[in-house]
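Everything numeric here is computed off the predicted structure, so don't read it as measured data.
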Amino acid sequence: MGGFAALEALKTKSSSSRPCTSVLEAAMMVPELSQFVATAQAANLSDYLKDPNLVATVFVPTNDAFNKALSQYGVTPSQALQQASLIRGLLQYHVVPGMALTEGTMTNGETLPTALTGQSLKVKKTGDSAMIQPSTGSAANLVEADVPVCKAILDVVDALLFPAVSSLPPSAAAQLASRTAGR
């Protein structure tokens, strides 16, 4: 995909020929990931995602993924950014700490524990392609996979991954539940 040329460049450069690029720095290089960047900043996760020692697999939703999910809940991007506890939990659900997994090392049916306590994602593989299945909602396709960022791996996904509402902080769960009650 042409929009991810900056990420492709990170995949092709030798790690010794460039300084370490963090998850957040890599996302900032791609306009199609600007909502992830804004959400990470609003959720106070910038330092975590800038940490060069972060070992993780991070699933980064595209702007289209954010827009689609937010419109389903009748929320604008600016309204979402005002709900720090909710978006913090949602983004933590996109991080698999302690494992820098590539698409090739993921196995079908594998459970990936996330940074959102007690919540996990499932890998669905068909051949060499992997999809990520959240607790609720549709699976996300890996749009751009295996981007090395410091000690982590960044994978761009085409859907926002939703955990079980009960796993979010109580105030965030109440906010999300109130949005889904009318659907």
Glu110 meets the side-chain contact (heavy atoms from CB on, under 4.5 Å) criterion, sequence neighbours left out, with Leu101, Met106, Thr107, Leu112, Val123
Flag yes if Val96 and Leu161 sit in one hydrophobic cluster, no otherwise; membership is Ile, Leu, Val, Met, Phe, Trp, Tyr, and two members link when side-chain heavy atoms are under 4.5 Å apart. yes
Which heavy atom of Ser120 sits nearest to which heavy atom of Ser135, and what is that distance? O-OG, 3.9 Å
Evaluate the criterion side chain to side chain contact (heavy atoms under 4.5 Å, CB included) for residue pair Phe59 and Leu121; output intermediate values, then yes/no. CA-CA 11 Å; Phe59 299 106; Leu121 300 164; 3.9 Å; yes
Count the heavy atoms belonging to other residues, nucleotides or ligands that lie under 6.0 Å from NZ of Lys125, then report whether that count exceeds 12. yes
What's the spacing between Phe36 CZ and Leu49 CG if we round to 0.5 Å? 5.0 Å
For the atom pair NZ (Lys50) and SG (Cys20), what is the distance rounded to the nearest 0.5 Å? 13.0 Å
Ile87 to Ala42 - nearest heavy-atom pair and separation: CD1-CB, 3.7 Å
Hydrophobic clusters here meaning ILVMFWY residues chained together by side-chain heavy-atom distances under 4.5 Å, can you tell me if Leu33 and Ile153 are in one? no
For the CG atom of Leu90 and the CD atom of Gln83, what is their distance to the nearest 0.5 Å? 11.0 Å
Please determine whether side chain to side chain donor-acceptor pair (under 3.5 Å) holds for the pair Thr102 and Thr105, giving the CA-CA distance in whole Å, both sets of side-chain angles, and the decisive distance to 0.1 Å. CA-CA 5 Å; Thr102 63; Thr105 60; 3.3 Å; yes
Hey, mind stepping through Thr62 and Asp158 against side chain to side chain donor-acceptor pair (under 3.5 Å) and telling me if it holds? CA-CA 6 Å; Thr62 63; Asp158 66 354; over 6 Å; no
Is any side-chain heavy atom of Ser22 less than 4.5 Å from a side-chain heavy atom of Asp51? no
Between CE on residue Met28 and OG on residue Ser34, distance to nearest 0.5 Å: 10.5 Å
Nearest non-hydrogen partners of Ala139 and Ala159, listed with the distance: O-CB, 4.4 Å
Side-chain touch Leu70/Thr76, heavy atoms, less than 4.5 angstrom: no
Evaluate whether atom CG of Asn108 has more than 12 neighbouring non-hydrogen atoms of other residues, nucleotides or ligands under 6.0 angstrom away. yes
So do the side chains of Phe162 and Tyr93 get within less than 4.5 Å of each other, counting heavy atoms only? no
Thr136 versus Pro163, closest heavy-atom pair with distance: OG1-O, 3.6 Å
Rounded at 0.5 Å granularity, tell me how far CG in Asn67 sits from CG in Leu160. 10.5 Å
Test log, rule side chain to side chain contact (heavy atoms under 4.5 Å, CB included), inputs Val157 and Leu142: CA-CA 5 Å; Val157 292; Leu142 300 185; 3.6 Å; yes
Would you kindly confirm whether Leu154 and Met131 end up in one hydrophobic cluster when ILVMFWY residues are joined by side chain heavy atoms under 4.5 Å apart? no
Closest heavy-atom pair, Ala145 versus Glu103, reported as atoms and distance to 0.1 Å, is CB-OE1, 3.5 Å
Restricting to non-hydrogen atoms, name the atom on Ala26 and the atom on Val149 that form the minimum distance, rounded to 0.1 Å. CB-CG1, 3.6 Å
Go through it in stages, so that I can follow the logic: the residues are Asp146 and Asp155, the test is side chain to side chain contact (heavy atoms under 4.5 Å, CB included), and I'd like the CA-CA distance, side-chain angles, deciding distance and then a yes or no. CA-CA 6 Å; Asp146 304 341; Asp155 290 318; 3.8 Å; yes
To the nearest 0.5 Å, tell me how far Glu25 CD sits from Met29 CE. 9.0 Å
Close side-chain approach of Pro52 and Lys151, heavy atoms under 4.5 Å: no
Side chain to side chain contact (heavy atoms under 4.5 Å, CB included), that's the test. Do Arg88 and Asn44 meet it? Break it down for me. CA-CA 7 Å; Arg88 183 176 182 86; Asn44 295 316; 4.0 Å; yes
Pro97 and Tyr48, any side-chain heavy atoms less than 4.5 Å apart: yes
